[in-house]
Amino acid sequence: MTLAENPTLSVAMLPPDISHSKTHRKEKETEAGAGRGPCWGARHGVALLTLFGIILDFMIQTILAVTIVAMVGRRSVGQQEEMETCAAPDAQNTTKVMEPGEFDWDEKTQGLLQGALNFGCAMVSLPSGRVVEMYGGKRMFGLMVTSASALSLLSPAAARTSIWLLVVVRVAQGVSVGGLLPAVNTVIVLWFPPEERAMFMAITLTGINIGTVLCMTMAGWLCGLDWLGGWPAPFYVVGAAGLVWGVLWFGLTHRSPEEHPRISKEELHYILGGGKRARKDQTRRFPWGQFLRCPLVWVQAFTCMGEVFSFYIIYTMMPTYLANVQRFDLRNAGVMAALPYLLACPVSVCWGLLVGCFTVSSSLTKKQIKQLSTVVGFYVPSLCMVGICLAGCRKEVVVALLILSVCAGSCNFTGIFTTYQDLCPTFCSTFNGFVGMLTSVTGMAGPALTGLMINDAQTLGAWRNVFITTAVIYFVSCTLYLAVTPVRQQEWDNPTPTAATKSSCSPNPLLEPRAGQEEPVEC
């Protein structure tokens, strides 16, 4: 075994010596036996609390999507609209007002409210990514979730005071959670070695689906009760739960594995094998010029913009579609909208474990894994949106296609969501924040564009335009990503000069090396 084959060997290696060889062999056997440390280590506890934090964050983001149906109620339906709307399950006359709400907001106003949170995210995504790298993901992640939870407690009073005050609160919540995913990326890079990052990223991001399920089912149920005034109850329950989580997060977690007082030596050694350099170099100056000129950065940005645009249309507007067009009652609409995310939870976890097996066994390359995840996560939902248009009022088919769409979309957790760590592990939070700034705009545009397309007409024809637009965006985004799949760490992210950078040639980021070959370069 040479020094190049095993960089952990001492630099000051003496000529072959029998006693030295025996000692070294014992050290290697001990290191191999230590493996990954205990079955449940400090990093697993961090992953669990991170999962709960993401659950609460997306419950906060989802509340309004469900409660707005109860807040606004259902308006009267004209004769022409009734012909293009599914029949009510109880065969009631749909021309009369059903379940009047407390507020008189049209679809454009509702779209504004749904997208206001993303406007706040767009304002702070980029700076928050850099702040996370400078001051640590643990502190920022905790502050984001707890501040958004406190604002959730204020939302009912803001809504009853003024529509614009509620918009301000929603924007403030967006500011609070704008750096959430950059913070999660930093936590994952700090606490997990490269071979575990895709798997644990998929597991923790399952909180997106779990939070959506819990909120949609709970909010729909609470809105039908008189407890705490009906629709305000979900805001109070989720806000209080977020504050409790904040106490646990700040009390039980630590900034990095080195600072954890109870972590085992085996687990610490295992973690630091892949993350030490990234932590040490995060405070150096960010290479903005090279970053903005990198084509793979923009490929990742445009792909994520398409995914977020389509995701937020389904995520925020589906309860409204099921209640007003498919004619589910409020509680059933919440349950049906939550069912896809419930089933997506085991799908995303199993897919993450499967990807972990592919990685360990080397049966698929990193590029192939990302392409497979992206094909499933984009093309399948695109076909499902077309299918919903063709399904019409066949409720069972519509719900089945929604389930398939959301379950397939969860495969993106091991696709485009891990690209930040591959292209730019040192500055993955800033990279994530930059892309998050752009995707927040599209996330805000999705519900707003839906409101314009519907234009006070809750009909199958109006919603058909929404679903076709979503399908096209899914298809174009995936095709772009597959054309140039980003998988290689960029040189401007690596502070150590390589042989390629010292020469007159530079690496070609669009090429992937074959097994056993050096990085391909272009002169």
Side-chain angles (χ1 to χ4, degrees), residues 6-10 24 26-57 131-146 179-207 244-283 349 352-353 355-356 359-360 413 418 420-421 425-429 432:
N6 187 358
T8 61
L9 294 178
S10 174
H24 175 67
K26 283 185 177 181
E27 290 176 354
K28 293 301 294 179
E29 290 174 356
T30 303
E31 181 179 327
R36 301 184 178 185
C39 295
W40 183 269
R43 70 188 189 281
H44 301 105
V46 172
L48 182 62
L49 282 173
T50 302
L51 172 64
F52 287 150
I54 296 176
I55 290 173
L56 288 165
D57 171 72
V131 169
V132 164
E133 288 172 347
M134 297 293 293
Y135 298 101
K138 178 239 180 175
R139 183 183 307 170
M140 297 304 299
F141 185 59
L143 289 175
M144 290 169 190
V145 178
T146 51
L180 187 88
L181 288 181
V184 171
N185 269 275
T186 298
V187 171
I188 294 296
V189 169
L190 282 173
W191 281 91
F192 296 93
E195 58 267 27
E196 286 190 348
R197 288 173 188 169
M199 180 177 66
F200 277 94
M201 193 71 175
I203 292 174
T204 55
L205 290 183
T206 303
V244 173
W245 173 89
V247 174
L248 296 176
W249 175 261
F250 285 108
L252 299 178
T253 62
H254 299 271
R255 179 178 180 179
S256 66
E258 299 95 322
E259 298 177 12
H260 198 293
R262 296 176 299 277
I263 191 171
S264 67
K265 293 182 179 179
E266 295 84 358
E267 185 182 13
L268 181 62
H269 177 78
Y270 175 65
I271 294 172
L272 294 184
K276 184 181 296 183
R277 185 196 61 78
R279 284 191 296 277
K280 183 176 66 176
D281 298 327
Q282 283 174 338
T283 56
V349 173
L353 295 175
V355 165
T359 303
V360 172
F413 296 157
T418 61
Y420 304 103
Q421 301 161 8
T426 304
F427 299 113
C428 65
S429 293
N432 200 317

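- Among all heavy-atom pairs drawn from Lys138 and Phe250, the shortest one is NZ-O, 3.8 Å.
- Separating the OG1 atom in Thr206 from the CD1 atom in Ile54 is a distance of 8.5 Å, to the nearest 0.5 Å.
- A distance of 7.5 Å separates CD1 in Ile188 from CG in Leu205, rounded to the nearest 0.5 Å.
- Here Phe52 pairs with nothing under the ring pair (Phe, Tyr, Trp, His ring centres under 6.0 Å) rule; sequence neighbours left out.
- For Thr50, the side chain to side chain donor-acceptor pair (under 3.5 Å) test picks out no residue, with sequence neighbours left out.
- Here the closest heavy-atom approach between residue Met144 and residue Leu180 is recorded as SD-N, 3.4 Å.
- If you take CZ on Phe192 and OG1 on Thr204, they are separated by 7.5 Å, rounding to the nearest 0.5 Å.
- With sequence neighbours excluded, the residues that form a ring pair (Phe, Tyr, Trp, His ring centres under 6.0 Å) with Phe141 are Trp245, Trp249.
- Here the CG-CG distance, from Leu56 to Leu51, works out to 9.5 Å after rounding to the nearest 0.5 Å.
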